[in-house]
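Note on naming: letters A, B, ... go to the chains in the order of the sequence lines (proteins, then strands), and numbering restarts at 1 for each one.
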Amino acid sequence: MEQLQTLRGMVDLLPEATAHWQWLEAMAREHFRRACVHEIRTPLLEATDLFARGIGEATDVVGKEMYSFLDRGERSCTLRPEGTASVVRAAIQHGLLSQGPQKLWYGGPMFRYERPQGGRQRQFHQIGLECLGFADSRSDVEAIAIAWDLLQALGLTNLQLELNSLGSQDDRRAYRDGLVAWLQERQDQLDADSQQRLATNPLRILDSKHPQTQELLSLAPNLEDALSPASRERYEQVKAGLSALGIPFLCNPRLVRGLDYYGHTAFEITSDALGAQATVCGGGRYDGLVEQLGGAPTACVGWAMGLERLMLLLGQENKPTSSPDVVVVSQGDRAEALAVPVARQLRQLGQAVEIDLSGSGFGKQLKRAGKSGARWAVLIGEEEATSGQLQLKDLSSSESRSIALGQLAEEWPRL
RNA sequence: GCGGGCGUCGCCAAGUGGUUAAGGCAGCGGCUUGUGGCGCCGCUAUUCGGGGGUUCGAAUCCCCUCGCUCGCCCCA
């Protein structure tokens with residue numbers, strides 16, 4: 001019979017991994033709490049149109065990576081490939097923005113139909129920050145700082161923050177037209193992918209990894225030169241703000257984010273320890289998105305982090321252990337009948353209690369208790385069941401004392 | 001979607017055409033019917049990701065397929 005297994009690119013997180021993930025999630029949650037960022041949870045499934053309109057029809061994410069299907073009502077549905085569009089949709093739908101600017105975070109699985117690779121899965125996990133209704137350049141700085149500081153708090157070093165400004169919509173349009181005109185004259189020198197993008201998404205050509213294309217681009221019109229004085233000023237403010245915080249960054253005029261909605265500040269935080277999937281965090285400003293999805297014009301900044309990639313960087317350190325505090329060991333009918341009630345009482349006292357239900361002899365049960373890493377074993381045999389005096393054994397010192405069945409709460413050792 | 005590498009027990013892993021597919025770890029049982037962490041003994045793959053083919057004979061060769069992995073692409 002054929003083995004049932006996970007779908008391609010989908011991964012089970014087993015208990016060992018899960019403990020590590022919980023630690024990471026707790027760190028993130030605490031970090032957002034300190035920044036007064038509130039959590040928002042949106043459905044995993046949305047109308048396909050949300051992403052098509054939000055992310056951009058010409059992007060790879062929408063064009064070839066979405067998990068879309070028709071539901072029983074013939075509506076086109078899509079498993080969310082990213083978080084921003086849903087958050088903006090929710091903010092509009094519930095009128096959150098009429099209550100003032102919102103700083104929101106989200107976390108959870110995202111879905112992209114891509115070829116799996118190290119640090120890239122079809123179902124993967126992101127946490128993200130979305131600051132809706134913030135236009136000031138200081139909000140760009142704050143958003144980046146929140147990301148940077150979280151990564152620092154996680155103990156990640158050797159990260160590189162790359163920064164760019166894509167300018168205003170007008171700047172970008174003017175620059176794009178100029179770039180397209182310039183590249184069209186040299187179309188034969190472009191790689192095939194880039195030629196394709198000339199028509200669909202010309203700015204993306206800038207961050208092509210093709211060496212020959214890069215060489216050509218070094219002669220092409222520069223995005224930075226196309227920025228209006230106001231855009232340039234804004235960019236300088238962001239840089240100054242980061243410098244004032246002591247956050248190191250590298251200006252990369254070729255940095256163009258893949259999704260359509262970005263403008264002005266764009267940034268990525270990368271690691272050279274991840275192979276081809278170097279980006280740990282990516283984000284920027286998306287002032288036009290709310291309006292594009294039917295809301296009032298609203299200035300926004302945000303970012304998203306890939307948790308699998310963080311886990312890869314975190315490696316095996318910080319792995320919390322999850323040993324029981326106590327193992328309840330019992331032998332004989334009357335004693336065995338007490339095992340669950342005793343365990344329950346101890347659990348109510350806040351102990352992590354394992355019960356040995358194997359029916360093996362005391363020797364075996366104790367052996368397993370020792371291996372479990374528990375500090376204590378509570379032994380119940382015929383004698384204990386009769387006297388009501390249970391045996392409490394300290395597994396690290398091998399010392400035993402008795403503890404009254406009716407007085408567990410009072411007599412349990414305080415540490 | 002395109003190229004390269006790989007796929008033997010829960011994990012690590014030997015075996016590269018010829019009798020019963022090493023070994024280690026983990027697990028289970030025993031030595032030890034009520035007291036662990038050591039030690040010793042035993043058990044655990046009719047089967048080598050799946051399907052077909054070549055052959056007297058295949059885990060070993062060929063084809064297809066699935067999956068993993070690395071790079072491209074893309075992105076978190």
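- Here salt bridge (Lys or Arg N to Asp or Glu O under 4.0 Å) pairs that include residues 385-407 of chain A, with residues two or more places apart or in two chains, are Arg375(A)-Asp394(A).
- Listed by chain and residue number, Arg138(A) satisfy the side chain to side chain donor-acceptor pair (under 3.5 Å) test with Asp136(A) (two or more places apart in sequence, or in another chain).
- A distance of about 13 Å separates the P atoms of C9(B) and A22(B), rounded to the whole Å.
- Distance noted for atom C1' between C75(B) and G1(B): 16 Å (whole Å).
- Using P as the reference atom, U20(B) and U32(B) are 38 Å apart when rounded to the nearest Å.
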Which atom pairs link the protein and nucleotides 32-35 of chain B when you take only N or O atoms and keep those under 3.5 Å?
unit_1, atom_1, unit_2, atom_2, d
G34(B), O6, Glu382(A), N, 2.8
G34(B), O6, Glu383(A), N, 2.6
G34(B), N1, Glu384(A), OE1, 2.8
G34(B), N1, Glu384(A), OE2, 3.4
G34(B), N2, Glu384(A), OE2, 2.8
G34(B), N2, Gln391(A), NE2, 3.3
U35(B), O2', Lys393(A), NZ, 3.0
U35(B), O2, Lys393(A), NZ, 3.2
U35(B), N3, Gln391(A), OE1, 2.8
U35(B), N3, Gln391(A), NE2, 3.3
U35(B), O4, Gln391(A), OE1, 3.2
U35(B), O4, Gln391(A), NE2, 2.1

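- Here, U46(B) and A59(B) have their C1' atoms 14 Å apart, quoted to the whole Å.
- Only the C1' atoms considered, G27(B) is 44 Å distant from C73(B), to the nearest whole Å.
- The stretch residues 27-42 of chain A has no heavy atom under 4.0 Å from RNA chain B, so no residue of it qualifies as close.
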Would you give me the side-chain donor-acceptor pairs under 3.5 Å for residues 107-114 of chain A, sequence neighbours excluded?
unit_1, atom_1, unit_2, atom_2, d
Arg112(A), NH1, Pro81(A), O, 2.5

Which atom pairs, one a donor and one an acceptor, fall under 3.5 Å between side chains of residues 329-351 of chain A and the rest of the protein, sequence neighbours left out?
unit_1, atom_1, unit_2, atom_2, d
Arg334(A), NH2, Thr386(A), OG1, 2.5
Arg347(A), NE, Val353(A), O, 3.2
Arg347(A), NH2, Val353(A), O, 2.7

Tell me, for nucleotides 37-42 of chain B in 5' to 3' order, what letter each nucleotide earns: B for a base near a protein heavy atom under 4.0 Å, S for only sugar-phosphate near one, - for neither?
B-----
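- Checking G67(B) for Watson-Crick or G-U wobble geometry (two distances, each under 3.5 Å) identifies C6(B) as its partner.
- Using a cutoff of 4.0 Å between basic side-chain nitrogens and carboxylate oxygens, Glu30(A) and Arg34(A) are scored as salt-bridged.
- Ala369(A) comes within 4.0 angstrom of nothing in the nucleic acid, heavy atoms only.
- In this structure, U35(B) makes no Watson-Crick or G-U wobble pair, since no nucleotide meets both defining distances under 3.5 angstrom.
- Remark: Asn201(A) pairs with Thr59(A), Arg204(A), Asp260(A) by the side chain to side chain contact (heavy atoms under 4.5 Å, CB included) rule, at least two apart or across chains.
- Under 3.5 Å, the side chain of Arg368(A) and the base of C28(B) form no donor-acceptor pair of N or O atoms.
- Of all nucleotides present, only C41(B) satisfies the Watson-Crick or G-U wobble test against G29(B), with each distance under 3.5 Å.
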Please encode protein proximity along nucleotides 68-73 of chain B as a string of B, S and -, counting only heavy-atom distances under 4.0 Å.
SBSBBB
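- Between Glu142(A) and Lys103(A) there is a salt bridge, with a side-chain nitrogen of the basic residue lying less than 4.0 Å from a carboxylate oxygen of the acidic one.
- Pairing of U20(B), defined by two Watson-Crick or G-U wobble distances under 3.5 Å, is not identified with any nucleotide.
- Residues passing the side chain to side chain donor-acceptor pair (under 3.5 Å) test with Ser139(A) are Arg285(A), sequence neighbours excluded.
- Across U47(B) and A21(B), the matching C1' atoms stand 8 Å from one another, rounded to whole Å.
- Relative to the ring axis of Phe362(A), Lys364(A) does not place its NZ or CZ within 45° and under 6.0 Å from the centre.
- Applying the ring pair (Phe, Tyr, Trp, His ring centres under 6.0 Å) test to residues at least two apart or on different chains, the pairs with a partner in residues 117-172 of chain A are Trp21(A)-His125(A).
- In a base pair of the Watson-Crick type (N1 to N3 plus N6-O4 or O6-N4) or a G-U wobble (N1-O2 and O6-N3), with each distance short of 3.5 Å, A59(B) is matched with no nucleotide.
- Residues satisfying the side chain to side chain donor-acceptor pair (under 3.5 Å) test with Gln214(A), not counting sequence neighbours, are Arg254(A).
- The two residues Cys77(A) and Asp71(A) come nearest to each other via the heavy atoms SG-OD2, 3.7 Å.
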